[in-house]
There are 4 protein chains.
Amino acid sequence: MGIQERKEREKERRRQQIMVAAKRVFSDRGFNKSTMEDIAQEAELSPGTLYLYFKNKEELYASLSLRILQYLLIRVEHVNEEEDSGPEEKLKSLVDAMYDVYEFDPLIIINMFHLQSSETLKNLSPQLMSEIKELSRRSLGSIAQIFKEGVDKGIFVDRHPLALADTFWSLFSGVVLWLTSKKIIDEKKDYLKQTLDVAFEIFTRGLRKT
Amino acid sequence: MGIQERKEREKERRRQQIMVAAKRVFSDRGFNKSTMEDIAQEAELSPGTLYLYFKNKEELYASLSLRILQYLLIRVEHVNEEEDSGPEEKLKSLVDAMYDVYEFDPLIIINMFHLQSSETLKNLSPQLMSEIKELSRRSLGSIAQIFKEGVDKGIFVDRHPLALADTFWSLFSGVVLWLTSKKIIDEKKDYLKQTLDVAFEIFTRGLRKT
Amino acid sequence: MGIQERKEREKERRRQQIMVAAKRVFSDRGFNKSTMEDIAQEAELSPGTLYLYFKNKEELYASLSLRILQYLLIRVEHVNEEEDSGPEEKLKSLVDAMYDVYEFDPLIIINMFHLQSSETLKNLSPQLMSEIKELSRRSLGSIAQIFKEGVDKGIFVDRHPLALADTFWSLFSGVVLWLTSKKIIDEKKDYLKQTLDVAFEIFTRGLRKT
Amino acid sequence: MGIQERKEREKERRRQQIMVAAKRVFSDRGFNKSTMEDIAQEAELSPGTLYLYFKNKEELYASLSLRILQYLLIRVEHVNEEEDSGPEEKLKSLVDAMYDVYEFDPLIIINMFHLQSSETLKNLSPQLMSEIKELSRRSLGSIAQIFKEGVDKGIFVDRHPLALADTFWSLFSGVVLWLTSKKIIDEKKDYLKQTLDVAFEIFTRGLRKT
DNA sequence: AATGAATGAGTATTCATTCAT
DNA sequence: AATGAATGAATACTCATTCAT
């Protein structure tokens, strides 16, 4: 391993360290209430150091989103590659994948939502932004592929696969957001898994042709 | 009409004037990018005046949410009161009601989501907060009532009515949020209504017992 | 005096108050070492208030320059309007005017120099910038007019009046800057008036045709 | 050549390398907008290395000034050593020398001016500061010597030679600064040489006794 | 009741300088 | 000697909120 390579690895480790801290702080306080100072403290670094690895606060935040999207894409593509599964089985695997993604980082939904603000996107480097767009597009496309297979085989109702993919994703993110919200308002917990189960069950039933 | 009462009415009118302005500004720029100055200007009032009617920025925002929730509750209760309708018809009316609520104020979803931030809730007066909680609870309860009827009559699958209500609400808010988000990222438009139709159709199909 | 007018006057007074404080602080420490906090303190105001009257630090600084330029232009035009004076007398009056301008605000030279930085001009509002340019142009034009008269009457050497005006201004500003600089390096004082006298005397002699 | 000496020479070469880079960067962006990082990059060194050769940013900047002053002194003393020239010829040579100095480093004027800031001088080592003072004093003294000769021989007007030297230097630096400034404000160019010619011509004429 | 000028705490970002390697 | 990653103090600017009029 050359010096160059070792340095590269060290640098990547630092980036990860910062992202882990940022994730914790952003999760706790949300984007606007989190300060770079907070994140620096959490990472046991100085504020200045953060800027050696991320152009600005927005880009640090977006980098978190990118990481989740990457994980999401990998999982979804993996589902699509299951050779022996039919559409129904793949849909089930997809639901499992979504659980995993959520557990990998519960922030995923809020991240995705945050990216909505056009103001936000102003400070993102074009490169990072196009990466995010691309990943988002590919993930959804991959999900749509599963539905297309079901539709083509006459197993799922004949609707546009992308509309089905949007519905699937909306159902997932809607439940997560809504229950996260309720958790705080009503102080209830752990209702999430059950509701997700009910939601996906009904969705799957509704999807079947007969 | 006594002087007292006339004053009260005048005060309420002012509140409404401010809320209308606030809704426009918040819709445009989102909560964090909107300044009290902006809202005051939109309402053709001075910043100081806003504080005569609302304790702070958070409370002004939450008041908007409250108004939408009130409208939501009225619509949903109205659906429940339809004497001659069966569960399927009521579900259909409910979907129509959701469209109306969304058109009454597209911010509804984002508002609901904003309330999630625990930081936010710190600045809310206990009274306003309990009103919001109560309305939220009653609206959901009223939605659940529709599902309960369907379940009881053996028309809908036998799941907990509140879980069904949560799913219904999640599906609606998820679609709105997700497509709002996509609109900006992918520059597409008007896909919302179609996707909502597909989503609710599948949900309704999935809900039926056979 | 109407309320509107009184308010306008009050506002102008505040602007002046801030400019006086800014002038003191900038004189003391120079542009870069002066903080808005310093100026606010000197003006016995809060930092935020400064921004109610000036868009940013650059614009506050440039406003000082503008004021001096206005004074300069008035003085120089006044010289040009002397009916009974010949070019020599006007040149003498011009020198007196320059003394006055310097005493009105010794910062004038440094201000003019500061405006040189193209970086600086980026933050100026186009309006303020064009005002400064215009005043600068007119002042120099007015000075050139004096020289033109002398040249036309065959009293001054036949050189381009604008070049003579530039030389005159350069001599003045050069002496001020250089001696200001020396004052600090060598801790000498009061040498300025003498040197300016010598400088202008030689310039005037050199200007005469024979 | 001993090892000690070779090291010394190597060290001096590095210093020069840094100063060349610094001159380029400072010329481009001015003192405040230039970062040590910029200079290090231009010199193809790391920021840390700069501090091995210069105590701080101020001292690096002042070292540039010192170098120009050294060049100035050499040129001026050379003029004084012209055996067969009379005061008028020497004055002409002096003007040529000033052109050369300016071309050697156009920053000279701005450098000299920068040293004015008393804040700046706080960070200079006493040694460097006294060197600069000394060089400045000797250069001016050498210029004054030329004027003294002219005054003594009855060729130049009878004024204090040092005052004449200050005037001469002020005229030169004033023209350079003023036209540099105008170049940016009015977008004109190449007017410098002409104006300097006019300025020095008038100065020379004004200096002659009759 | 209404105003709107004033406040001042809060924060992202920069960059000269240091120091472990 | 040279590096360059890390530091953290410094600062322009914003904006929710107050309060004298």
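Sequence lines set the chain letters: A, B, ... in the order given, protein chains first and strands last, and positions in each chain run from 1. Excluded from the calculations below are hydrogen atoms, water molecules and symmetry mates; all remaining heavy atoms, backbone and side chain alike, are included. This is a predicted model, so every value here is computed, not measured.
- Taking only side-chain atoms of A:Lys7, from C-beta outward, the nucleotide of F:dT17, F:dG4, F:dA2 with the closest atom is F:dG4.
- The salt bridge (Lys or Arg N to Asp or Glu O under 4.0 Å) check on C:Glu10 picks up C:Arg13, with sequence neighbours excluded.
- Partners of A:Glu131 under the salt bridge (Lys or Arg N to Asp or Glu O under 4.0 Å) rule, at least two apart in sequence or in another chain, do not exist in this structure.
- Partners of B:Gln17 according to the side-chain hydrogen bond (donor to acceptor under 3.5 Å, both in side chains) rule, which considers only residues two or more places apart in sequence or in another chain, are B:Arg14.
- Remark: B:Glu8 pairs with no residue by the side-chain hydrogen bond (donor to acceptor under 3.5 Å, both in side chains) rule, at least two apart or across chains.
- In this structure, the side chains of D:Ser63 and D:Leu128 come closer than 4.5 Å at one or more pairs of heavy atoms.
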Under the 3.5 Å Watson-Crick or G-U criterion, the dot-bracket string of DNA chain F, with | for inter-strand pairs = .||||||||||||||||||||
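- For C:Glu42, the salt bridge (Lys or Arg N to Asp or Glu O under 4.0 Å) test picks out C:Arg24, with sequence neighbours left out.
- The side-chain hydrogen bond (donor to acceptor under 3.5 Å, both in side chains) search around D:Ser46 returns D:Thr49, not counting sequence neighbours.
- For B:Ser27, the side chain to side chain contact (heavy atoms under 4.5 Å, CB included) partners two or more places apart in sequence, or in a different chain, are B:Lys23, B:Leu107.
- Of all the residues in residues 44-55 of chain B, B:Gly48, B:Tyr51 reach under 4.0 Å from DNA chain F with at least one non-hydrogen atom.
- For B:Lys11, there are no salt bridge (Lys or Arg N to Asp or Glu O under 4.0 Å) partners two or more places apart in sequence or in a different chain.
- Here A:Thr35 pairs with A:Glu37, A:Asp38 under the side chain to side chain contact (heavy atoms under 4.5 Å, CB included) rule; sequence neighbours left out.
- Within residues 19-27 of chain D, no residue has any heavy atom under 4.0 Å from DNA chain E.
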